[in-house]
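Chain letters run A, B, ... following the sequence lines, proteins first and then strands; every chain starts at 1. Any value given below was found using the heavy atoms of this structure, including those in side chains, with hydrogens, waters and symmetry copies removed. Remember, it's a predicted structure, so these values are computed and weren't measured experimentally.
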Number of protein chains: 2
Amino acid sequence: MAFDAVETPFGKRDKMLGGSASHFSLSASFFTDVRIVGVVGGDFSPAEDAVFANHQIDTTDLERIPGGKTFFWRGRYDYDLNTAHTLDTQLNVFADFKPKLSPESKASRIAFLGNIQPELQKEVRDQLQSAELVALDTMNMWIEISREALLKAIEGVNIVIINDAEARQLSGEPNLIKAARKILSWGPSALIVKRGEYGAAMFTAGSYFAIPAYPLESVFDPTGAGDTFAGGFMGYLSSQPEMDEAAMRRAMIFGSVMASFNVEEFGTERVSRLTNEEINQRFSEFKQMTHFEEIPFERAVLAAQ
Amino acid sequence: MAFDAVETPFGKRDKMLGGSASHFSLSASFFTDVRIVGVVGGDFSPAEDAVFANHQIDTTDLERIPGGKTFFWRGRYDYDLNTAHTLDTQLNVFADFKPKLSPESKASRIAFLGNIQPELQKEVRDQLQSAELVALDTMNMWIEISREALLKAIEGVNIVIINDAEARQLSGEPNLIKAARKILSWGPSALIVKRGEYGAAMFTAGSYFAIPAYPLESVFDPTGAGDTFAGGFMGYLSSQPEMDEAAMRRAMIFGSVMASFNVEEFGTERVSRLTNEEINQRFSEFKQMTHFEEIPFERAVLAAQ
């Protein structure tokens, strides 16, 4: 959970609701019931609480430290919106955070381990004894400084959701197919690779699925796009009786749909007021923009006609 | 038409058949009858002629200058196979090339204007009075030094087939959707953008279609991938009675299939011995790796159950 200050070529915000848990849970809330585990400081106000309350997000496990301050990140994007330039990071209450799960959270069928120290991800994973599916995100810093702990955390999850640079760095393989095979060999049954404007891909032991990104004429603020993708993906999966390959493919589309809305405005502003109709509309557009008929070609056959 | 010398981390060739016309025509020959317009020197041997003869490619309009030498390119790829490092370019007979079209070529229903001076592309286009569909490729050099002539050539074609960097450079728009709208405003009804390992996209006034690339564990030699894509695309289209959007979408897949084979070995080596069965197999894999079911989501509906 975070407060973000973001500046882009299109405008700025000095303090807005952000962080992996915010973006993920808001996105997932359109599809399923969500509980947040996280920590905030005394600066977390009723306005922020209202965002979660409005989306029926359960914040029972959101630890509050009245004398502390919420994690703060300040960043800037230039016209190349692919790269965030970090200007300031204040860990604040996040520095000593130990996730504490209520019995209800421990009983979750499905869980997402947002980007945090891998040791904490593993601790949380170990408490989810009845989870059918657990996914994990991480970042370049943990791959560099906590590689061993990260590999242990990855061993214990079903799905790894990272971007392509992270997949290459984590595996040491520049080729993404080889990278995927290596990461899957550590335990997870699926690797999902986020490729920004190029879409996303899912690798399993026996299948490959790839989708383009929703075409956007202007990206306003990419902060949180990855977590919003994960929220749509996991939220949709959670709503499905069978979390099989077909459901995961649809979940990839819903994740991409949610991410495409997220980047249209600052922070959580666009997703906060989304409707199911808008989500379904864009899901349907994904079908239109990827559909082709499967008609094999035989020159010999045609020539003989 | 060219001789290429290529060095990659996986091996090298000192002199092999190359050039836009070779890669394009070989690829297209699997789908339709093809005629080449081009020029070669006295160093063009029966071995090269045999490649075209074996694929029923008509070389009537391939001009031969016995006292001259064929265009020669020497390049190197490092482990990042996305970038070709040009070590030597010898224009030779290509320097004074003026395309000369036989009556049969002038009567073509469909034509591809490979990468060459835009003035020559326009000259050829103007001779194709009965063409239903003409496509054009170009490169960064012509966008820089012959922009006005290139815009005139683009005005006269139906489809522009370029890579994403070229689309951005040509339009002056970093956003690809805006770039596409601008290029389409100049006359073409479709823009096809090749994105290398990320696949390809097609823009028309009213539609967007995007596909991933075929996932390859090792790319051996990317030389000619773009022309091989164009050959599969145009060749397949040419085989179809209706060159409508649905046919163009399938053509994009066949183009990607052909390009994926091309990069598996040096030069034209892999495509030269391809079979229809292999092409159809990979086309079918494209369907598998992009398919998802269109099932809209309604949380409200589910919650009420």
Side-chain angles (χ1 to χ4, degrees), chain A residues 29-33 79-80 174-178 180-181 195 197-199 201 203 207-219 235-236 239 246-250 252-254 276-277 279-281 283-303, chain B residues 29-33 79-80 174-178 180-181 195 197-199 201 203 207-219 235-236 239 246-250 252-254 276-277 279-281 283-303:
Chain A
S29 74
F30 286 86
F31 304 94
T32 193
D33 296 323
Y79 277 98
D80 170 12
N175 180 281
L176 210 53
I177 294 104
K178 287 182 183 162
R181 183 171 312 136
R195 293 165 154 174
E197 66 167 314
Y198 295 112
F203 300 82
S207 74
Y208 175 70
F209 178 60
I211 57 174
Y214 185 81
L216 288 169
E217 278 202 50
S218 50
V219 171
Y236 178 78
S239 78
M248 285 171 70
R249 287 180 170 217
R250 294 193 302 275
M252 292 266 295
I253 305 288
F254 280 110
N276 287 347
E277 290 65 34
I279 294 171
N280 278 330
Q281 167 65 25
F283 179 85
S284 175
E285 286 177 56
F286 258 96
K287 190 68 197 181
Q288 290 160 37
M289 72 193 212
T290 58
H291 177 72
F292 63 93
E293 294 160 292
E294 190 178 359
I295 306 175
F297 179 81
E298 281 293 344
R299 192 178 184 193
V301 172
L302 287 179
Chain B
S29 74
F30 286 86
F31 304 95
T32 193
D33 296 323
Y79 278 99
D80 171 11
N175 179 280
L176 209 53
I177 294 106
K178 287 182 182 162
R181 182 170 313 134
R195 293 165 155 175
E197 65 167 316
Y198 296 112
F203 300 82
S207 74
Y208 175 69
F209 178 60
I211 57 174
Y214 185 81
L216 288 170
E217 277 202 49
S218 50
V219 170
Y236 177 78
S239 77
M248 285 170 70
R249 287 180 171 218
R250 293 192 302 274
M252 292 266 294
I253 306 288
F254 280 110
N276 287 348
E277 289 66 34
I279 294 170
N280 279 329
Q281 167 65 24
F283 179 85
S284 176
E285 287 178 55
F286 259 96
K287 191 67 197 182
Q288 290 160 37
M289 71 193 213
T290 57
H291 177 73
F292 64 93
E293 294 159 293
E294 190 178 358
I295 306 176
F297 179 81
E298 280 295 341
R299 192 179 182 193
V301 172
L302 287 180

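Between Phe292(B) and Phe209(A), the ring planes lie perpendicular to each other; the angle is over 60°, past the 30° to 60° tilted range.
With chain A as partner, the option from Gln288(B), Arg249(B), Glu285(B) having the largest number of non-hydrogen pairs under 4.5 angstrom is Arg249(B). Ranked by heavy-atom pairs under 4.5 Å with chain B, the list Val219(A), Asn175(A), Ile279(A) is led by Asn175(A).
Both the backbone and the side chain of Pro215(A) come within contact range of chain B, judged by heavy atoms closer than 4.5 Å. Using a 4.5 Å cut-off between heavy atoms, Thr290(B) touches chain A through backbone and side chain atoms alike. With a 4.5 angstrom heavy-atom cutoff, Phe30(B) touches chain A only via backbone atoms. Heavy atoms closer than 4.5 Å to chain B are found in the side chain of Tyr236(A), but not in its backbone. For Ser284(A), the parts lying under 4.5 angstrom from a heavy atom of chain B are both the backbone and the side chain. For Ile211(A), no part lies near chain B; criterion is any non-hydrogen pair under 4.5 Å. Proximity to chain A (any heavy atom under 4.5 Å) is restricted, for Ile253(B), to the side chain, taken from C-beta onward. Proximity to chain A involves both the backbone and the side chain of Pro296(B), based on heavy atoms less than 4.5 angstrom apart.
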(request) Might you work through the side-chain contact (heavy atoms from CB on, under 4.5 Å) test for Phe297(A) and Phe283(B), ending with a clear yes or no? (result) CA-CA 9 Å; Phe297(A) 179 81; Phe283(B) 179 85; over 6 Å; no
(message) If you apply the rule side-chain contact (heavy atoms from CB on, under 4.5 Å), what do you find for Phe203(B) with Leu176(B), and how did you get there?
(response) CA-CA 10 Å; Phe203(B) 300 82; Leu176(B) 209 53; 4.2 Å; yes
(request) Report the C-alpha separation of Glu197(B) and Arg195(B) in whole Å, then their side-chain angles, then the decisive distance to 0.1 Å, and conclude whether the side-chain contact (heavy atoms from CB on, under 4.5 Å) test is met. (result) CA-CA 6 Å; Glu197(B) 65 167 316; Arg195(B) 293 165 155 175; over 6 Å; no
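For the pair Ala246(A) and Glu293(B), the tightest heavy-atom approach, listed with the atom from each and the gap, is CB-OE1, 3.4 Å. When all heavy atoms of Tyr214(B) and Phe286(B) are compared, the pair lying nearest together is N-CZ, 3.5 Å.
Checked by atom type, the side-chain pair Gln281(B)/Glu277(B) shows no donor-acceptor distance below 3.5 Å.
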